[in-house]
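From a predicted model like this one, the values you see are computed outputs, not experimental measurements. Note on naming: letters A, B, ... go to the chains in the order of the sequence lines (proteins, then strands), and numbering restarts at 1 for each one.
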There are 2 protein chains.
Amino acid sequence: MSRTESLVALEREIGVLLRRVRRVIAARAAMVHPDLQPAAYLMLAYLVEMGPQRSSDIAERFEIDKGAVSRQVQHVVDLALVERTPDPADRRASILAVTADARRRFEEVTQQRRRILDERLGDWDDAELAVFADQMVRYNASLEPGQPVASAQPDGGVRG
Amino acid sequence: MSRTESLVALEREIGVLLRRVRRVIAARAAMVHPDLQPAAYLMLAYLVEMGPQRSSDIAERFEIDKGAVSRQVQHVVDLALVERTPDPADRRASILAVTADARRRFEEVTQQRRRILDERLGDWDDAELAVFADQMVRYNASLEPGQPVASAQPDGGVRG
DNA sequence: GAATATAGTTGCTCACGGCAACCTTCTAGG
DNA sequence: CCTAGAAGGTTGCCGTGAGCAACTATATTC
């Protein structure tokens with residue numbers, strides 16, 4: 001594949017993935033809690049993995065409106081999946097933390113789901129999967145708007 | 001990275017990508033036509049690349065409801081970006097084709113946009129990009145619901 | 001201490017997809 | 001043929017989701 005062909009294919013497949021993934025996420029969200037909204041599931045997953053965060057951190061990370069985050073936070077708080085504690089260092093802010101119960105439920109679902117995913121990706125060997133995951137991280141990083149384009153970077157070595 | 005770590009990272013990054021990509025797609029859509037809706041842009045891109053298709057093909061490919069496709073088709077037809085011609089072989093169906101004007105505009109935008117993407121991915125060499133694009137294709141294919149999971153395949157060539 | 005920036009909330013709007021009902025046409029079985 | 005059911009599309013209704021803007025409260029800066 002030429003570079004151009006790669007770029008074309010990449011964009012096409014991201015488009016496909018984008019639309020398909022909705023269903024999958026919705027199914028997972030329901031497994032964690034019957035009333036959990038799909039988008040909020042993603043937020044929850046982020047909190048589970050990254051530990052307590054502020055709303056603004058999430059908005060920044062996902063590059064979505066803080067209003068949207070605010071509503072989703074309210075949603076998961078209502079479901080008792082997340083707790084808001086005031087930030088002692090800044091009284092405007094709150095720290096969001098996944099409740100123990102939610103974490104437990106989340107991990108259960110994750111394990112079960114990971115078995116399925118692992119099966120579906122059965123013909124990928126570990127190294128391939130590692131490369132792919134790494135490239136996804138790198139791809140996201142490359143597209144970060146704050147990030148200067150690669151050619152403008154002094155040292156370019158974003159990641160190892 | 002262990003296999004599990006790879007899977008975790010993969011899912012997290014897909015979640016991030018999923019939410020970020022909205023903005024990007026919206027910006028591109030606007031470049032093609034100021035009134036073009038983001039989702040319809042993806043459909044248009046698919047038609048440009050794959051040639052004339054039926055609505056049902058698109059619904060199947062993207063795994064979304066045919067009603068949603070119907071509305072998006074109507075949208076791009078209204079914008080004169082796509083033409084509907086009755087399928088001679090099946091009078092229920094229509095063939096969707098990108099208009100010459102739309103194709104021209106689309107290609108212009110694509111080239112311009114690809115330059116930007118190419119810059120942003122400047123620190124990826126061609127081979128890496130090819131691998132990544134290939135893996136995206138493969139990943140999507142792996143997750144196709146019609147697709148049997150690897151472990152259920154008769155051939156059994158599953159995984160180490 | 002006033003101007004300004006930042007964290008979050010809320011109202012409004014539109015984009016988007018799922019579901020179901022419906023129409024039309026095509027296909028199978030009697 | 002004719003009838004039953006499947007398939008291609010359209011439409012109405014609804015829930016989810018994000019952007020924008022206005023607003024409150026607290027922090028920061030000069």
Side-chain angles (χ1 to χ4, degrees), chain A residues 15-16 18-30 33-44 52-79 82 84-96 145, chain B residues 15-16 18-30 33-44 52-79 82 84-96 145:
Chain A
V16 171
L18 179 67
R19 303 182 91 147
R20 288 190 181 174
V21 146
R22 266 179 236 274
R23 308 174 85 87
V24 180
I25 302 293
R28 284 183 204 172
H33 188 293
D35 298 327
L36 180 59
Q37 294 170 351
Y41 166 87
L42 292 178
M43 202 183 67
L44 193 64
Q53 304 277 324
R54 313 207 300 189
S55 281
S56 48
D57 294 329
I58 295 173
E60 198 178 339
R61 165 72 170 168
F62 288 131
E63 291 170 20
I64 57 175
D65 191 76
K66 58 183 181 170
V69 174
S70 175
R71 274 178 262 262
Q72 283 168 25
V73 168
Q74 190 57 55
H75 175 60
V76 289
V77 167
D78 288 345
L79 296 178
V82 164
R84 245 190 302 231
T85 57
D87 184 342
D90 184 341
R91 281 187 301 167
R92 293 169 303 179
S94 295
I95 306 292
L96 307 173
Chain B
V16 170
L18 180 67
R19 302 181 90 147
R20 286 190 182 174
V21 145
R22 267 178 233 273
R23 305 177 87 89
V24 180
I25 302 294
R28 286 184 204 171
H33 188 294
D35 298 327
L36 180 59
Q37 294 170 351
Y41 165 86
L42 292 178
M43 201 182 69
L44 194 64
Q53 304 277 324
R54 312 207 300 190
S55 280
S56 49
D57 294 330
I58 296 173
E60 197 177 340
R61 165 71 172 169
F62 287 132
E63 289 170 22
I64 56 176
D65 191 76
K66 57 183 181 171
V69 174
S70 175
R71 274 178 263 260
Q72 283 168 24
V73 168
Q74 190 57 55
H75 175 59
V76 289
V77 167
D78 288 346
L79 296 179
V82 164
R84 244 189 302 231
T85 58
D87 184 342
D90 185 341
R91 282 186 300 167
R92 292 170 302 179
S94 295
I95 306 291
L96 307 172

request  = Write down the distance between CZ (B:Arg54) and C1' (D:dT10), rounded to a whole number of angstrom.
outcome  = 16 Å
Whole-Å distance separating the CG atom of B:Leu36 from the P atom of C:dA15 = 11 Å
Nucleotide C:dC14, atom P - distance to CZ of B:Arg23 in whole Å = 19 Å
ask   = If only side-chain N and O atoms of A:Ser70 are considered, is one of them under 4.0 Å from the OP1 or OP2 phosphate oxygen of C:dT9?
value = yes
message = Can you identify which nucleotide, out of D:dG19, D:dT26, C:dG8, has its nearest atom closest to the A:Asp90 side chain?
response = D:dT26
query = Nearest nucleotide by nearest heavy atom, which residue falls closer to the 5' end of DNA chain D, A:Ala89 or A:Asp35?
reply = A:Asp35
key: CG on B:Leu44 to CD1 on B:Ile58, rounded to 0.5 Å   = 9.5 Å
Minimum-distance nucleotide (side-chain atoms of B:Arg22 versus C:dA20, D:dA18, C:dT9) = D:dA18
query = Using a cut-off of less than 4.0 Å, is there contact between a side-chain N or O of B:Arg91 and OP1 or OP2 of C:dT24?
reply = no
message = What contact category does B:Gln74 fall into here, base, sugar-phosphate, or nothing, at under 4.0 angstrom with non-hydrogen atoms?
response = nothing
ask   = Looking at side-chain heavy atoms only, is the closest gap between B:Ile95 and B:Arg84 below 4.5 Å?
value = no
ask   = Sub-3.5 Å donor-acceptor pair from the side chain of B:Arg20 to the main-chain atoms of A:Arg61, do we have one?
value = yes
task = Ignoring backbone atoms, establish whether B:Arg84 has a side-chain N or O less than 4.0 Å from OP1 or OP2 of D:dT10.
result = yes
ask   = Taking the six-membered ring of A:Tyr41, is NZ or CZ of A:Arg28 closer than 6.0 Å to its centre and within 45° of its axis?
value = no
message = Looking only at the side chain of A:Arg19 (C-beta and beyond, no hydrogens), which of the listed nucleotides D:dA18, C:dA7, C:dG17 gets closest?
response = C:dG17
ask   = Can you tell me how far C1' of D:dG17 sits from CG of B:Leu18, to the nearest Å?
value = 11 Å
ask   = Rounded to the nearest Å, what distance is computed from the CG atom of residue B:Asp87 to the C1' atom of nucleotide C:dT25?
value = 12 Å
request  = Would you please confirm or rule out a distance under 4.0 Å between OP1 or OP2 of D:dG9 and any side-chain N or O of B:Ser56?
outcome  = yes
ask   = Please give, in whole Å, the distance from C:dT24 C1' to B:Lys66 NZ?
value = 12 Å
inquiry  = Is there a side-chain contact between A:Gln37 and the phosphate of D:dG17, meaning an N or O under 4.0 Å from OP1 or OP2?
reply    = yes
ask   = Taking C-beta and beyond as the side chain, do B:Val76 and B:Gln72 meet within less than 4.5 Å on heavy atoms?
value = no
inquiry  = Quick check: on DNA chain C, is the nucleotide nearest B:His75 upstream (toward 5') of the one nearest A:Val69, or the reverse? Name the residue that is more 5'.
reply    = A:Val69
remark   = Taken to the nearest whole Å, CD1/A:Ile25 to C1'/C:dG17 is 15 Å
task = Look at the side chain of B:Arg71 and the base of C:dG18, then say whether one donor and one acceptor between them are separated by less than 3.5 Å.
result = yes
query = Between D:dA7 atom C1' and B:Asp65 atom CG, what is the distance in whole Å?
reply = 14 Å
inquiry  = So for B:Arg92 and D:dA7, does any side-chain atom that can act as donor or acceptor lie under 3.5 Å from a complementary atom in the base?
reply    = yes
A:Arg92 side, atom CZ; A:Arg54 side, atom CZ - distance, nearest 0.5 Å = 7.5 Å
message = Tell me whether the side-chain N/O atoms of A:Gln72 come closer than 4.0 Å to OP1 or OP2 in D:dA18.
response = yes
